[in-house]
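Since the structure comes first, as structure tokens, the remarks are kept for the end.
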Amino acid sequence: MAEVRVRFAPSPTGFFHVGSARTALFNWLYARHCEGTFVLRIEDTDARRNTPEALQVLLDGMRWLGLDWDEGPEVGGPHGPYFQSERGEHYRSAVEALLASGQAYERDGAVYFRLRGERYREHDPYLGEEVEKVRSEPQVWEDAVRGRVEQAVDRDFPIQRASGEPVFHLVNVVDDIAMRITHVIRGEDHLTNTARHLELYRALGAEPPVFAHIPLLLKDPAVGKGKMSKRDKGALLAEYRERHFLPAAVRNFLALLGWSPKGDREVLPLDDLVESFDFGGIQKGAARFEEGKLRHLNGHYLRELPIETYTWLARPLLAGEGIVGEEVDEDYLQRVLALCRPKLDLLEDLPGYCDFFFRREYPLEEAALARLRKKGDPRERAEELLGGLRHLPEGAGGAEVLGEAVETAAAESGHGEGVYRPVARVALSGRLSGPDLGAIAEVLGPAEVIARLERFAARLEEAGSAGAGS
RNA sequence: GUCCCGUUCGUCUAGCCAGGUCUAGGACACUGGGUUUUCAUCCCAGCAACAGGGGUUCGAAUCCCCUACGGGACGCCA
């Protein structure tokens with residue numbers, strides 16, 4: 001079987017859209033699945049927005065997702081250059097050939113592709129003017145995703161602007177021919193361009209590739225209607241990197257948007273994606289991008305990481321929020337994170353979840369205090385907990401100390417232990433939810449548990465004497 | 001408006017091509033229960049869909065037609 005060559009051909013706009021990223025991913029997966037070649041070609045014919053920064057955004061995004069290219073910018077290859085801005089001669093000679101064979105003509109300084117068929121003039125309500133139309137033979141192709149598709153092009157179309165610049169349809173086809181692309185995997189928005197492209201392949205005497213039009217990504221209905229656009233919230237790949245999502249999760253999630261492997265598996269690491277990816281699994285209907293499952297996958301991949309790696313990822317985040325400094329004890333940090341990790345899907349939620357482990361001055365949540373007060377005076381309960389600590393076994397750990405306090409206080413007061421635990425939780429962390437209470441106490445250690453209980457009672461005392469409210 | 005493509009739980013989807021095994025499966029979300037005498041993890045359970053109509057057939061989510069709805073294209077943008 002002939003070598004499979006696919007390409008991803010983005011235009012550097014300064015943004016890397018999640019829809020583009022998915023198209024890149026599908027191409028990359030197909031190339032790797034077939035052990036073919038993945039080409040990255042930069043469609044930078046629009047000089048205005050073609051900046052080095054814009055290119056960098058693209059390359060960074062590709063690398064972040066783990067999509068390496070076999071031919072393209074920075075790596076070169078036998079079919080270069082891979083920037084359209086440097087391929088002018090290819091386009092010029094193609095235009096000349098079409099002109100010479102009468103398959104194109106000049107008008108108003110631009111060059112148009114000449115369709116074959118009966119011509120007639122008609123008022124076009126969409127364009128609001130009379131135009132020349134052509135009854136051309138419909139182009140038919142077997143789309144790898146959608147099956148047989150048939151469409152006719154009904155107007156001559158420009159292939160070179162009056163400025164001498166070539167137009168997208170021309171450069172796209174000329175480059176795909178020159179780069180020996182065998183499979184064009186692109187968004188469904190190109191479906192209606194395909195007939196034009198097939199006309200060009202025929203006119204240029206080249207065999208067309210296999211086309212696979214993948215479904216579009218639609219915006220979250222909460223955001224609006226239609227396909228996702230660059231301005232939509234959550235539409236930029238960079239957002240997920242900035243929010244510390246794992247690339248593995250984003251990749252897995254993107255792959256599942258419009259494609260599925262046979263069977264019930266959904267958590268698919270790279271190797272599994274590559275192995276099971278094929279056109280047969282591609283959906284025809286458009287997919288809606290919603291963050292829910294992405295979060296879930298992120299949590300999954302996060303929990304699979306070695307705790308050292310997790311800690312390495314979390315440290316700069318916590319440092320950025322001023323929660324930990326350079327001096328923080330690695331072992332302590334790791335023990336805290338091991339407690340928090342099972343509960344969180346997103347790294348970005350970590351600072352707000354674990355900050356109390358590192359701060360003396362953690363806030364006492366008013367809602368938590370209010371709930372404690374429904375079952376009595378939390379300050380009294382705290383005092384009773386402290387009272388239960390008179391006979392402490394030597395060398396007891398934090399969890400044991402807290403357990404002793406709770407049991408003794410419960411036994412002496414006649415209240416249930418269930419009354420004391422929430423109080424202890426708020427005393428140690430400032431809130432009513434969090435990691436396992438015993439585990440918090442163990443990590444904090446006995447001295448800190450006692451100190452926090454004392455401080456809690458003192459803070460409530462101050463608040464009480466200061467008057468109502470907090 | 002014209003042309004093209006699509007439509008299975010709220011969302012992502014399996015099943016459709018090779019009609020019966022589908023009282024339509026999984027996952028996320030949600031709800032309830034259990035565990036942890038706390039909790040956003042974990043475990044169990046529940047909720048919830050074949051767009052509508054016609055046809056073919058003994059039998060249709062699966063094949064055909066129509067309608068509705070959704071999306072895309074229609075640029076000297078890519």
Side-chain angles (χ1 to χ4, degrees), chain A residues 9-13 43-46 48-49 84 107-112 122-128 131 133 138 143 145-147 149-155 157-169 171-172 187-196 213 215-216 218 220-221 225-227 253 256-267 280-281 283-297 299 303 339-345 349 353 368 371 406 410 416-426 429 431-440:
Chain A
S11 172
T13 57
E43 306 217 332
D44 58 349
T45 47
D46 186 345
R48 287 188 307 280
R49 50 190 185 186
Q84 288 188 334
R107 189 173 72 201
D108 303 329
V111 178
Y112 284 74
E122 185 183 80
H123 177 78
D124 185 316
Y126 178 77
L127 296 168
V131 295
K133 297 214 168 175
D143 194 278
V145 173
R146 334 192 79 84
V149 182
E150 173 178 336
Q151 189 176 30
V153 187
D154 66 356
R155 282 173 62 209
F157 55 92
I159 54 177
Q160 182 175 290
R161 301 184 187 108
S163 66
E165 292 288 305
V167 170
F168 163 72
H169 300 296
V171 298
N172 198 263
E188 195 193 334
D189 47 348
H190 285 292
L191 194 62
T192 41
N193 287 331
T194 307
R196 259 184 286 270
H213 288 94
L216 259 25
L218 264 30
D220 190 323
K225 291 162 73 103
K227 67 171 175 176
F253 176 68
L256 257 18
L257 248 29
W259 172 81
S260 77
K262 303 304 169 193
D264 290 336
R265 293 191 58 205
E266 295 202 317
V267 177
Q283 186 85 0
K284 292 194 188 80
R288 235 159 273 270
F289 187 102
E290 287 194 2
E291 211 179 276
K293 190 172 268 188
L294 170 58
R295 288 166 173 259
H296 171 75
L297 285 168
R303 277 171 221 113
L339 285 190
C340 299
R341 176 163 75 158
K343 314 277 189 154
L344 298 175
D345 285 338
D349 289 340
Y353 192 77
R371 269 188 56 189
V406 169
E417 292 185 10
V419 169
Y420 289 100
R421 285 182 189 273
V423 172
R425 175 175 285 282
V426 176
S429 70
R431 34 186 178 259
L432 229 27
S433 66
D436 180 80
L437 179 57
I440 292 175

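Per chain, numbering begins at 1; letters A, B, ... match sequence-line order. Basis for what follows: all heavy atoms, side chains included, without hydrogens, waters or symmetry-related copies.
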Compare the ring of A:F168 with the six-membered ring in the base of B:C77 and state whether they stack (centres under 5.5 Å, planes under 30°).
no
Just how far, in rounded Å, is C1' of B:C74 from CD of A:E122?
13 Å
Considering only side-chain heavy atoms of A:R196, which listed nucleotide, B:A78, B:A73, B:G26, is closest?
B:A73
What nucleic acid atoms does A:D108 come within less than 4.0 Å of, heavy atoms only: base, sugar-phosphate, or nothing?
base
For B:C69 and B:A45, measure between their P atoms and round to the nearest Å.
41 Å
A:D189 side-chain proximity, nearest of B:A40, B:G71, B:A73:
B:A73
Counting any heavy atom closer than 4.0 Å, what does A:P422 reach on the DNA or RNA strands: base, sugar-phosphate only, or nothing?
nothing
Do you know which two heavy atoms are closest between A:L216 and A:D189, and how far apart they sit?
CD1-N, 3.7 Å
Above 12 or not: heavy atoms from other molecules or residues under 6.0 Å from NZ of A:K133?
yes
For the pair A:S260 (side chain) and A:L256 (backbone), establish whether a donor and an acceptor sit closer than 3.5 Å, ignoring hydrogens and angles.
no
Compare all side-chain heavy atoms of A:R303 with those of A:D345 and state whether any distance is below 4.5 angstrom.
yes
The side chain of A:Y126 is closest to which nucleotide in this list: B:C76, B:C74, B:U41?
B:C74
Determine, step by step, whether A:H169 and A:N172 satisfy the side chain to side chain contact (heavy atoms under 4.5 Å, CB included) criterion, reporting the C-alpha distance in whole Å, the side-chain angles of both residues, the deciding distance to 0.1 Å, and the verdict.
CA-CA 5 Å; A:H169 300 296; A:N172 198 263; 5.8 Å; no
Watson-Crick or G-U wobble mate for B:A51, both contacts under 3.5 Å:
B:U67
Taking the side chain of A:S260 as heavy atoms from C-beta outward, which of B:A73, B:U13, B:A29 is closest to it?
B:U13
Can you tell me the distance, in whole Å, between the CZ atom of A:R303 and the P atom of B:A40?
14 Å
Rounded C1' spacing from B:A48 to B:G25 in Å:
14 Å
Between A:P435 and A:K343, the two heavy atoms sitting closest are CA-CE, 4.2 Å
Within-4.5 Å side-chain heavy-atom neighbours: A:E122 and A:D154
no
Which part of the nucleic acid, if any, lies within reach of A:G292 when heavy atoms closer than 4.0 Å are counted: base, sugar-phosphate only, or nothing?
sugar-phosphate
For B:C17, the nucleotide meeting Watson-Crick or G-U wobble distances (both under 3.5 Å) is none
Answer whether the closest heavy-atom distance between the side chains of A:V167 and A:R161 falls below 4.5 Å.
yes
Output yes when a side-chain donor or acceptor of A:R146 lies under 3.5 Å from a complementary backbone atom of A:H213, and no otherwise.
yes
Which nucleotide in B:C3, B:A73, B:U36 has an atom nearest any side-chain atom of A:Q151:
B:C3
Whole angstrom value for the distance that separates P of B:C3 from NE2 of A:H213:
20 Å
Between A:D436 and A:G438 (side chain of the first, backbone of the second, donor and acceptor by atom type, cut-off under 3.5 Å), is there such a pair?
yes
For the P atoms, the ones on B:A24 and on B:C65, what distance do you get once it is rounded to whole angstrom?
28 Å
Output the rounded distance in Å from CG (A:D154) to P (B:G1).
17 Å
In whole angstrom, give me the gap between the P atoms of B:G6 and B:C22.
28 Å
Taking the nucleotide of RNA chain B with the nearest heavy atom to each, does A:L294 or A:H190 sit closer to the 5' end?
A:L294
Using atom C1' in both nucleotides, what's the gap between B:G20 and B:U57 to the nearest angstrom?
12 Å
Does any nucleotide pair with B:G1 by Watson-Crick or G-U wobble geometry, both distances under 3.5 Å, and what is it?
B:C74
With a 3.5 angstrom cut-off on both distances, give the Watson-Crick or G-U wobble partner of B:U11, or none if there isn't one.
B:A27
So what's B:U57 paired with, Watson-Crick or G-U wobble, going by both distances under 3.5 Å?
none
Which whole number of Å gives the distance between the P atom of B:C5 and that of B:G26?
34 Å
Suppose we define a pair by two distances each less than 3.5 Å, Watson-Crick or G-U wobble; what does B:U62 pair with here?
none
Let me have a per-nucleotide readout for nucleotides 5-12 of chain B, 5' to 3', with B, S or -, counting only protein heavy atoms under 4.0 Å.
BS----SB
Between B:G1 atom P and A:D124 atom CG, what is the distance in whole Å?
13 Å
Determine the interatomic distance between C1' on B:A60 and the same-named atom on B:G46; round to the nearest Å.
30 Å
Interatomic distance where CG belongs to A:L127 and P belongs to B:C74 [whole Å]:
11 Å
Just to confirm, is there a sub-4.0 Å distance from OP1 or OP2 of B:C3 to any side-chain nitrogen or oxygen of A:R155?
no
Any strand, both distances under 3.5 Å, Watson-Crick or G-U wobble: B:C42 pairs with B:G34
Which value, in whole Å, describes the distance between the P atoms of nucleotides B:C43 and B:C63?
37 Å
Could you state the atom-to-atom distance from CD of A:E43 to C1' of B:A78 in whole Å?
7 Å
Taking the side chain as every heavy atom from C-beta outward, state whether A:R421 and A:V406 have any atom pair closer than 4.5 Å.
yes
Just call it for A:F157: base, sugar-phosphate, or nothing, with non-hydrogen atoms closer than 4.0 Å on any strand.
nothing
When we call it a touch if two heavy atoms are under 4.0 Å apart, what does A:G438 touch: a base, just sugar-phosphate, or nothing?
nothing
Has A:H169 got its ring stacked on the base of B:A78, with centres under 5.5 Å and planes less than 30° apart?
no
In this structure, how many angstroms lie between the P atom of B:A14 and the CG atom of A:D264, rounded?
11 Å
Among the nucleotides B:C28, B:C76, B:G75, which one has an atom lying closest to any side-chain atom of A:H296?
B:C28
So what does A:L344 touch, heavy atoms closer than 4.0 Å: a base, only the sugar-phosphate, or nothing?
nothing
Give one of base, sugar-phosphate or nothing for A:N193, where a contact means two heavy atoms less than 4.0 Å apart.
base
